[in-house]
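In what follows, a structure is listed as structure tokens, so that the remarks can point back to it.
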Amino acid sequence: MARKAAGKPPEEILLDWKREQASLKARVVDRDTEAWQRDPAFSGLQRVGGVDVSFVKDDSGSACASLVVLSYPELEVLYEDCRMVTLTAPYVSGFLAFRELPFLVDAVQQLRQREPRLMPQVLFVDGNGVLHHRGFGVACHLGVLTDLPCIGVAKKLLQVDGLENNALHKEKIQLLKAGGDSFPLMGGSGTVLGRALRSHDHSTKPLYVSVGHKISLEAAVRLTHSCCKFRIPEPVRQEQGGTKAKGVPPRSLRRACR
DNA sequence: GCGACAG
DNA sequence: ATCTTGTCGC
């Protein structure tokens, strides 16, 4: 019972979603807009954020939407918000935003109202930016709706526009020797959609970094590497510790989940 | 039937 | 969004 009838939504809903993606895509800015993004040491960058929706159990409707803000370059927690939510839209590859985004936008708006001084200068998003079926992944979507610089960080390759996790791709991964090494992900259309990044020396499985909004791919990759103590960038990893306790030490000052 | 499948 | 299973497109 409680059998989840979450198949794919009807075609007309998907068409609506595609229309919305196409319309908002025009507002994406895929270059550096802030002075710190061009600085070799990111001087001027003081706060980096991360957002994610993580699941409590296998109950696919009940989840925790969280927003974490860390100091830069220390990567210490300045703010954490974690809210239990009930997801309604099903997960459909290419439409992740329609499942998770409303809660992430809410979290940013809450922060804007309560602690505007703690607003992050860039957000890491668990998922893709322009590396997407229609060039408008969840990181672009969140960036456009909040007007914040956003970086898409995916843990596996979204095989789109001719990109394949094939033998050649795996060979290229083998050539990434040190943390910070990366190679471009060139789509069939001839444009670079993102970069595969070895996020630190002891991680063999790369991250897939793409532009979300208001940052160049080069700055996005460099900043992602600079925020990785482990494979997953600290802003995203910290908040996943809120629900999963995977090696994130418990902090005394943690906001209660609402 | 077989492989792909961001989270 | 995983160690899984189901669904869809080919």
Side-chain angles (χ1 to χ4, degrees), chain A residues 1-15 17-18 21 24-25 28 50-68 82-83 85-105 107 123-143 150-167 169-170 185 187 193-197 199 205-213 217 220 224 231-233 235-237 239-247:
Chain A
M1 324 327 134
R3 194 113 172 91
K4 76 169 191 157
K8 225 170 150 180
E11 194 59 33
E12 62 176 57
I13 299 288
L14 292 180
L15 283 173
W17 287 355
K18 284 181 191 173
Q21 289 176 331
L24 293 174
K25 179 174 154 52
V28 169
V51 291
D52 186 34
V53 173
S54 47
F55 295 89
V56 182
K57 272 172 57 182
D58 205 9
D59 178 7
S60 59
S62 185
C64 178
S66 41
L67 165 62
V68 168
C82 167
R83 179 178 187 170
V85 298
T86 302
L87 300 179
T88 52
Y91 169 68
V92 184
S93 179
F95 302 96
L96 177 63
F98 295 93
R99 175 167 167 86
E100 300 190 346
L101 202 74
F103 308 107
L104 303 180
V105 173
L123 272 180
F124 287 92
V125 182
D126 208 346
N128 289 295
V130 299
L131 173 44
H132 179 267
H133 306 68
R134 288 162 297 281
F136 193 75
V138 64
C140 299
H141 210 139
L142 184 63
C150 282
I151 300 173
V153 180
K155 291 178 282 298
K156 42 191 185 187
L157 178 65
L158 185 58
Q159 305 192 139
V160 76
D161 194 19
L163 291 173
E164 273 188 282
N165 186 16
N166 55 18
H169 182 79
K170 286 167 182 158
L185 301 165
L193 301 176
R195 296 187 74 94
L197 168 72
S199 59
K205 190 174 176 174
L207 294 178
Y208 296 95
V209 178
S210 59
V211 170
H213 188 48
L217 179 59
T224 301
R231 178 177 176 241
I232 305 299
V236 174
R237 198 182 146 264
E239 80 196 284
Q240 291 185 339
T243 44
K244 306 188 206 240
K246 280 243 180 175

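Lettering of chains follows the sequences in order, A, B, ..., and the numbering in each one begins at 1.
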Inset, instruction - Kindly say whether A/D52 contributes a backbone atom to a donor-acceptor pair with the side chain of A/E100 at under 3.5 angstrom? - result: no
Legend entry - Pairwise P distance, C/dG9 and C/dT5 [rounded to whole Å]: 23 Å
Inset, instruction - Starting from P on B/dC5, measure out to CG on A/L158 and report it in whole angstrom. - result: 7 Å
Legend entry - Nearest-angstrom distance, C1' atom, C/dT2 to C/dG6: 16 Å
Inset, instruction - Let me know the distance between CD1 of A/I232 and C1' of B/dG7, rounded to the nearest Å. - result: 12 Å
Legend entry - Integer-rounded Å distance: C/dT7 P and A/Y91 OH: 17 Å
Inset, instruction - Any chance you could measure A/N128, atom CG, to A/L157, atom CG, to the nearest 0.5 Å? - result: 8.0 Å
Inset, instruction - Can you measure from CZ (A/F136) to CD (A/Q21) and round to the nearest 0.5 angstrom? - result: 7.0 Å
Inset, instruction - Kindly say if A/K155 contacts the phosphate of C/dA1, meaning a side-chain N or O under 4.0 Å from OP1 or OP2. - result: yes
Inset, instruction - Tell me if the SG of A/C64 lies under 2.5 Å from the SG of A/C82. - result: yes
Inset, instruction - Starting at atom CZ of A/F95, determine the distance to atom P of B/dC5, rounded to an integer number of angstrom. - result: 15 Å
Inset, instruction - Just call it for A/V160: base, sugar-phosphate, or nothing, with non-hydrogen atoms closer than 4.0 Å on any strand. - result: nothing
Legend entry - A/V51, A/V28, A/V125 screened by side-chain contact (heavy atoms from CB on, under 4.5 Å) with A/C150, the one that passes: A/V125
Inset, instruction - May I ask you to decide if A/P206's main-chain N or O and A/R231's side chain share a donor-acceptor pair within less than 3.5 Å? - result: yes
Inset, instruction - Ignoring the backbone of A/H132, work out which of B/dA4, B/dA6, B/dG7 is nearest its side chain. - result: B/dA6
Inset, instruction - Could you tell me the separation between the CZ atom of A/R237 and the P atom of C/dA1, rounded to a whole number of Å? - result: 13 Å
Legend entry - A/L131 CG - B/dG7 P separation (whole Å): 10 Å
Inset, instruction - Would you mind reading off the distance between A/H141 atom NE2 and B/dG7 atom P, rounded to a whole angstrom? - result: 18 Å
Legend entry - Nearest-Å distance once atom P is located in both B/dG1 and C/dT4: 23 Å
Legend entry - Inter-residue atom distance A/L163.CG - A/L158.CG, 0.5 Å rounding: 8.5 Å
Legend entry - For DNA chain B, the dot-bracket pattern of Watson-Crick and G-U pairs whose distances stay under 3.5 Å, | for other-strand partners: |||||..
Inset, instruction - Would you mind reading off the distance between A/L104 atom CG and B/dA6 atom P, rounded to a whole angstrom? - result: 17 Å
Inset, instruction - In whole angstrom, give me the gap between the P atoms of B/dC2 and C/dC3. - result: 23 Å
Inset, instruction - Pick base, sugar-phosphate or nothing for A/G94, based on heavy-atom distances below 4.0 Å to the nucleic acid. - result: base
